[in-house]
Amino acid sequence: MNPQQSNRFFFNVDWVTILIYIALCAVGFVNIYASKYNPEISDVFNFNSNYGKQLIFIGSGLILGFSILLMDAKFFSIFAPVIYGITMFLLLVVLVVGRNVGGNQAWIPLGSFRLQPSEFAKFGTALLLARYISSFNPKLTNLKSILIAAAIILLPMALIMLQPDAGSTLVFLSFMFPLYREGLPGYLLVIFWGAVVLFILNLYLQPVILISSILILGGLFVYFNRKKMQRMIMITVITISAIGYLFVAKILFEKVLQPHQRTRIELILGLKTDPKGAGYNVNQSKIAIGSGQVLGRGFLLGTQTKYGYVPEQSTDFIFSTIGEEWGFAGCFVVIGLYVFLLVRVVNIAERQRSVFSRVYGYSMACIIFFHVFINIGMAIGLMPVIGIPLPLISYGGSSLWSFTVLIFIFLKLDSNRMGFI
């Protein structure tokens, strides 16, 4: 790289986003240290501890990120199918040689390290989806185009569900929103959220009551549109589909989801109470966050954190450490960093001259938003515990590296936006 190229590289890269990335990694390290603190072994550079390993993950992540910035931006568009194929292959490999942890066969053992392919499948899917939309310019009002885009998303979802990892599977639903930005009809989003509402109602109400309600509602719509045959047929199809969906949803809930996943959903919806069992994690997390009040108990002074009352506190429930030791102020800063990052990414995505870069940017923003929304919702008891990490903050090499790659690929695409068309 000659001096002129070097100057252009440093000038074009969005350093504000990189600073947010570093700030979130720093927040993660500090709170992982607090959640795993042992007065007898307090050395920050104890690489046998979680926080010591996280320091290695952060350092190697920075090297990985800046290596991506030195690559040719067109590499990611050209090799998107290859990258997607590799991540799908790893999802198949984990089903054969994967290590089962917590009921999910989601990790490939590599010595003392465990690789989680589902994390890397996210940016692989984002790349191929962006390549498909930018290269073929599909009309997302056309059924064939919608089915191809859906197939790109559904393949990793199906493979991850076989592990079975419902949490990581649900993350891929966030790709619906970049497609909406590129022209996916709004009624499909209405259908999606309607399916979510029906799924919840299916757990609350007796099948006879729910089916009767749908038939009555459908009948009323047919009556008021009786002079419009096309609408009557469409309403009839929707009514029959909704009733069929109820049976499918029931089977998915009872036969596909694991018992602990069903219990977590029932706890959130108030269908079951179990403060000493499945609801224990959430209750302890809420106690920890509530005890932090405005300014927190102070670094290493949180009793819930210090005495290990919150299970999985360095991973799924790291937000409870932030809430207890740094209080509302600390939570506000962390959420503020994420909001700043998401707003900046969307703004950067909108200024792209390349469709590939724009679609990829929106995909990245939606993945991060989904993770943040669900993880924090889990910690405060508003969402089911589905076991997905808080981006760049939760402990874990696979998670941190995958978000690093996700972010730095976009930064590279943006730095080359004047020449990437």
Side-chain angles (χ1 to χ4, degrees), residues 80-81 83-96 98 102-108 115-133 138 140 143-180 182 184 188-189 191-196 198-199 245 248-258 261-262 264-265 359-360 362-371 373-375 383-389 391 398-399 402-403 405-406:
I83 296 170
Y84 179 84
I86 291 171
T87 58
M88 293 308 102
F89 175 73
L90 289 174
L91 288 176
L92 287 170
V93 170
V94 77
L95 295 175
V96 179
N104 298 332
Q105 192 169 319
W107 289 267
I108 298 174
L115 185 73
Q116 189 174 5
S118 59
E119 291 292 334
F120 299 96
K122 295 166 191 174
F123 69 79
T125 304
L127 285 171
L128 187 62
L129 194 64
R131 168 70 182 271
Y132 169 64
I133 293 173
L140 292 175
L143 181 60
K144 181 182 176 182
S145 300
I146 293 172
L147 290 176
I148 293 173
I152 293 171
I153 299 166
L154 290 173
L155 176 58
M157 289 181 70
L159 293 174
I160 294 169
M161 199 62 207
L162 290 174
Q163 295 176 3
D165 184 353
S168 295
T169 302
L170 291 174
V171 172
F172 286 80
L173 293 177
S174 61
F175 285 107
M176 183 180 291
F177 295 97
L179 292 177
Y180 176 70
E182 297 302 318
L184 187 72
L188 291 176
L189 286 180
I191 291 173
F192 170 74
W193 288 112
V196 172
L198 276 180
F199 179 83
Y245 169 77
V248 173
K250 199 76 171 178
I251 292 169
L252 288 173
F253 183 76
E254 294 178 352
K255 304 297 183 183
V256 177
L257 291 181
Q258 297 294 304
Q261 293 168 337
R262 294 198 298 270
R264 287 167 177 173
I265 292 173
V359 175
Y360 182 84
Y362 268 95
S363 298
M364 167 190 152
C366 290
I367 290 169
I368 292 175
F369 173 79
F370 189 95
H371 270 264
F373 182 78
I374 297 295
N375 184 278
M383 300 298 292
V385 179
I386 58 175
I388 61 174
S398 294
S399 171
S402 69
F403 280 110
V405 172
L406 193 69

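Each residue takes its place number in the sequence, starting with 1. Values below: every heavy atom of this structure, side chains too, minus hydrogens, waters and symmetry copies.
- The side chain to side chain contact (heavy atoms under 4.5 Å, CB included) check on Val196 picks up Phe192, Trp193, Ile200, with sequence neighbours excluded.
- A heavy-atom distance below 4.5 Å is found between the side chains of Ile146 and Leu188.
- Atom-to-atom distance recorded for Leu115:CG and Ser398:OG is 4.5 Å, nearest 0.5 angstrom.
- The nearest pair of heavy atoms linking Ile108 to Leu90 is CD1-O, 4.0 Å.
- Taking all atoms of both residues into account, the shortest heavy-atom contact from Pro391 to Ile368 is CG-O, 4.2 Å.
- Put simply, OG on Ser402 and CD1 on Ile367 are 9.0 Å apart, with the number rounded to the nearest 0.5 Å.
- Separating the CG atom in Leu159 from the CG atom in Leu154 is a distance of 11.0 Å, to the nearest 0.5 Å.
- A distance-only check finds a donor-acceptor pair linking the side chain of Gln105 to the backbone of Leu95 [under 3.5 Å].
- Note: Leu140 CG to Glu182 CD = 7.5 Å, rounded to the nearest 0.5 Å.
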Atom pairs and distances, donor-acceptor, side-chain atoms in residues 120-132, under 3.5 Å, two or more places apart:
unit_1: Lys122; atom_1: NZ; unit_2: Glu119; atom_2: OE1; d: 3.0
unit_1: Lys122; atom_1: NZ; unit_2: Glu119; atom_2: OE2; d: 3.4
unit_1: Lys122; atom_1: NZ; unit_2: His371; atom_2: NE2; d: 2.8
unit_1: Thr125; atom_1: OG1; unit_2: Ala121; atom_2: O; d: 2.7
unit_1: Arg131; atom_1: NE; unit_2: Ser135; atom_2: OG; d: 3.1
unit_1: Arg131; atom_1: NH1; unit_2: Ser77; atom_2: O; d: 2.7
unit_1: Arg131; atom_1: NH1; unit_2: Ile78; atom_2: O; d: 3.2

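- Residues Gln116 and Val94 form no side-chain contact, since every pair of their non-hydrogen atoms from C-beta on lies 4.5 Å or further apart.
- Residues that satisfy the side chain to side chain contact (heavy atoms under 4.5 Å, CB included) test with Phe253, not counting sequence neighbours, are Phe199, Leu203, Leu257, Arg262, Ile265, Glu266.
- With sequence neighbours left out, the side chain to side chain contact (heavy atoms under 4.5 Å, CB included) criterion links Leu252 to Val248, Val256.
- Atom CG of Leu91 sits about 12.5 Å away from atom CD1 of Ile86, to the nearest 0.5 Å.
- Here Tyr362 pairs with Glu350 under the side-chain hydrogen bond (donor to acceptor under 3.5 Å, both in side chains) rule; sequence neighbours left out.
- For the pair Tyr84 and Pro156, the minimum side-chain heavy-atom distance is below 4.5 Å.
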Atom pairs and distances, side-chain donor-acceptor, residues 167-179, under 3.5 Å, sequence neighbours left out:
unit_1: Ser168; atom_1: OG; unit_2: Asp165; atom_2: OD2; d: 2.8
unit_1: Thr169; atom_1: OG1; unit_2: Asp165; atom_2: O; d: 2.7
unit_1: Ser174; atom_1: OG; unit_2: Val171; atom_2: O; d: 2.6

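- Qualifying side chain to side chain contact (heavy atoms under 4.5 Å, CB included) partners for Lys255, counting only residues two or more places apart in sequence or in other chains: Ile251.
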